[in-house]
Amino acid sequence: DVFRHVRTFSTADKPTVVEESTKTHPSTNVCTFSLDKRQCFDDMVEFRKKQARSSVVVQVGNPLKSAALVNQVCSRHGNVSNLFHYTHKDKELLLLEFDSELSAVNLLASCSHNNNVKVIPAASPFLWLKAMPSESSASMSARFPLIMNEDNLANDNLEELLSNAKSISEQMIILEDQTRLSEIGHRLRWITCVQIERMLSGLFPSLQVLPFGSFVNGCGRNGCDLDMAVSLDGHCGMEPLEVKSPLIFQAKAAINNPRLQTQRHIEVFADILQNFTTGCTQVQRILQARVPIVKFYHEFTGVDCDLSMGSLTGVFMSELLYLYDKIDWRFRPLVTAVRHWGAWARLTDMVPGPRITNFTLTLMVVFFLQRRSPAILPTLSEMIKLARPQVDTRQTNDVDCTFLRDPAMFQERGKLNQESLEDLFVEFLRFIESFDFNERSVSIITGTALRKFDSKPLYVQNPLERELNVGRNVNLKELTRVVMEARNALYILETQEDQGPANWGLLALPRAERVRRLNPKSSHHNHVPQIDMKDLFSTDTDDEIDDFIEAKVS
Ligand code: CTP
Ligand code: MG
């Protein structure tokens with residue numbers, strides 16, 4: 001069975017400052033990939049993009065039969081260092097990584113278009129292996145690295161693993177480990193970024209596509225969306241390098257209205273995605289949002305994608321969260337537990353509306369960790385003060401996004417705080433339950449609860465675009481539910497009442513929710529303050545949805 005071999009990692013292509021480490025996924029014997037603690041965001045982006053530029057995806061009929069042939073064909077162009085298999089809907093796909101980018105370029109140059117049907121003759125890293133008589137005779141002698149299907153990672157025995165854990169802290173570690181975005185999930189998203197970047201760079205040769213959101217900040221779960229921002233000049237918010245040549249491009253004047261210009265660009269990009277880009281379907285243009293975006297679905301990766309232009313603040317926000325993840329290891333499992341609690345209690349929603357978002361919850365976790373004694377995470381102000389000239393300077397659309405981009409500076413300080421994950425989770429729920437949302441705002445800039453700047457029920461300051469409230473979509477009913485559900489969860493975790501070996505700790509939270517939904521009058525919950533069940537699942541109005549879409553892309 002070619003899929004049984006344990007995957008090994010290429011030692012080539014390591015970023016210089018990084019030590020690559022491998023880790024065995026507990027539920028499978030897959031080696032997943034974890035990057036060094038010291039690695040800064042830009043190095044990670046560079047490393048992943050290079051890996052994606054060295055990779056192709058091939059759709060095959062029967063992966064067991066075709067893997068050897070695909071490996072053989074690709075090996076003519078260079079050494080195949082990694083080979084993955086995944087299925088998406090009824091498609092069987094192989095993801096191959098070469099040792100070098102040049103090998104992938106040469107392979108793509110050797111590919112042709114299907115002559116039998118009318119197709120758009122655009123090149124992409126998404127290929128198809130046509131049936132060939134030699135298929136069965138391909139050599140099986142080559143070594144095949146492990147192949148993993150992202151769907152398999154939605155772990156069936158998660159409940160069992162959680163019930164066998166020794167503490168809530170251990171449960172939180174297991175939950176994070178079992179639900180985090182798989183290695184193939186990472187690679188497919190990076191390949192999509194590189195594919196779009198290649199398509200659009202026909203127009204703008206320096207253009208960069210930068211992913212942001214939970215996918216890159218460390219909090220990505222299997223199935224998470226892919227948020228991308230375009231940097232047209234490729235400077236990515238940094239000072240442009242000194243120009244040596246006296247020759248500069250003849251200019252074409254931009255429309256004298258930056259918003260209109262951005263909308264025009266997004267329209268053109270949407271057309272390119274819709275008409276020429278392999279795999280991009282269901283293309284929607286959302287031009288009236290504060291930051292115009294194009295949404296689409298990628299049918300070879302199964303990922304929902306958003307592409308925006310004009311502002312890179314989302315990217316720098318993700319970089320900030322990425323740094324917090326590197327600063328203290330407890331951040332990620334705590335955010336994961338909080339996000340799961342939010343989903344279990346139906347506080348968050350896949351559909352935009354008046355419910356709190358994962359991003360808002362994440363900022364609340366940062367705020368909470370900044371306020372522990374001793375502090376576990378630094379405030380943004382501290383990081384701004386320590387920013388190194390040039391190295392850390394970033395500016396986008398007149399927004400200054402300069403802050404220290406070296407997590408090492410704060411890693412030791414957080415260790416002075418020895419609180420366990422369980423303590424932190426319980427204390428976070430207590431913080432939510434007791435915070436004065438009526439009067440106070442949440443701001444990770446100073447880590448202090450300042451007076452609110454507007455009359456919305458929830459005020460969570462956007463730390464980079466400071467005049468924006470990330471929580472402005474949340475209405476009073478939803479905020480009340482957040483507080484009540486924190487109280488419910490605290491009650492369940494602290495009393496441990498009626499909890500047998502298979503129904504304790506985190507496991508009691510979704511079950512309690514299930515019980516409550518089936519039987520709102522469940523006696524177990526008569527002890528704790530309840531909210532009106534009929535308010536729980538009311539339909540969101542269109543206005544609220546519009547507001548939210550705007551808030552999300554702000
Ligand atoms: N963002 C922002 N302001 C908002 C909403 C989003 O700056 N009001 C930025 C954040 O950097 C956020 C990113 O846009 O991480 C993507 O938003 P979204 O996809 O809603 O959140 P994620 O953090 O990616 O979480 P999820 O896993 O739910 O997608
Ligand atoms: Mg996202």
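As the structure lists them, so they are numbered: ligands from 1, and atoms in each ligand from 1.
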Heavy-atom proximity to atom 24 (O) of ligand 1, best of S214, P211, G223:
S214

Among Y322, F212, Y324, which one satisfies ring-ring contact (aromatic ring centres under 6.0 Å, His included) with F41?
Y322

Considering only N, O or S atoms, which atom of D227 is nearest to the Mg ion (ligand 2)?
OD2

Side-chain donor/acceptor of H235 to backbone N/O of G237, under 3.5 Å:
no

Note: ligand 1 atoms sitting under 4.0 Å from heavy atoms of N358 are 28 (O)

So that I can tick it off, tell me whether E46 and K50 are bridged by a salt bridge, with the cut-off set at under 4.0 angstrom between side-chain N and carboxylate O.
no

In D225, the N/O/S atom nearest the Mg ion (ligand 2) carries the name OD1

Min N/O separation D227 to ligand 1 under 3.5 Å
yes

D306 near the Mg ion (ligand 2): N/O/S under 2.8 Å:
no

Parallel under 30°, tilted from 30 to 60°, perpendicular over 60°: which one fits the rings of W190 and F215?
tilted

Is the closest heavy-atom distance from D225 to ligand 1 below 4.0 Å?
yes

Ligand 1 atoms nearer than 4.0 angstrom to some heavy atom of S318 are 11 (O)

Who are the side-chain hydrogen bond (donor to acceptor under 3.5 Å, both in side chains) partners of T281, not counting sequence neighbours?
none

F212 heavy atoms, cut-off 4.0 Å: which ligand 1 atoms fall inside?
13 (C), 14 (O)

So, taking the atom named OG1 in T357 and the one named CG in L347, what distance separates them when rounded to the nearest 0.5 Å?
11.5 Å

Would you check if R48 and R53 make a side-chain contact, meaning some heavy-atom pair closer than 4.5 Å?
no

Using non-hydrogen atoms of the residue, decide whether R339 is closer than 4.0 angstrom to ligand 1.
yes

Atoms in ligand 1 flagged as close to G213, the criterion being non-hydrogen separation under 4.0 Å
13 (C), 15 (O), 16 (C), 24 (O)

Can you say whether the rings of F368 and F431 are parallel (under 30°), tilted (30 to 60°) or perpendicular (over 60°)?
tilted

Would you check whether G314 has a nitrogen or oxygen atom less than 3.5 angstrom from a nitrogen or oxygen atom of ligand 1?
yes

Compare all side-chain heavy atoms of F437 with those of K456 and state whether any distance is below 4.5 angstrom.
no

Numbered atoms of ligand 1 (with element) below 4.0 Å of M317, judged on heavy atoms:
11 (O)

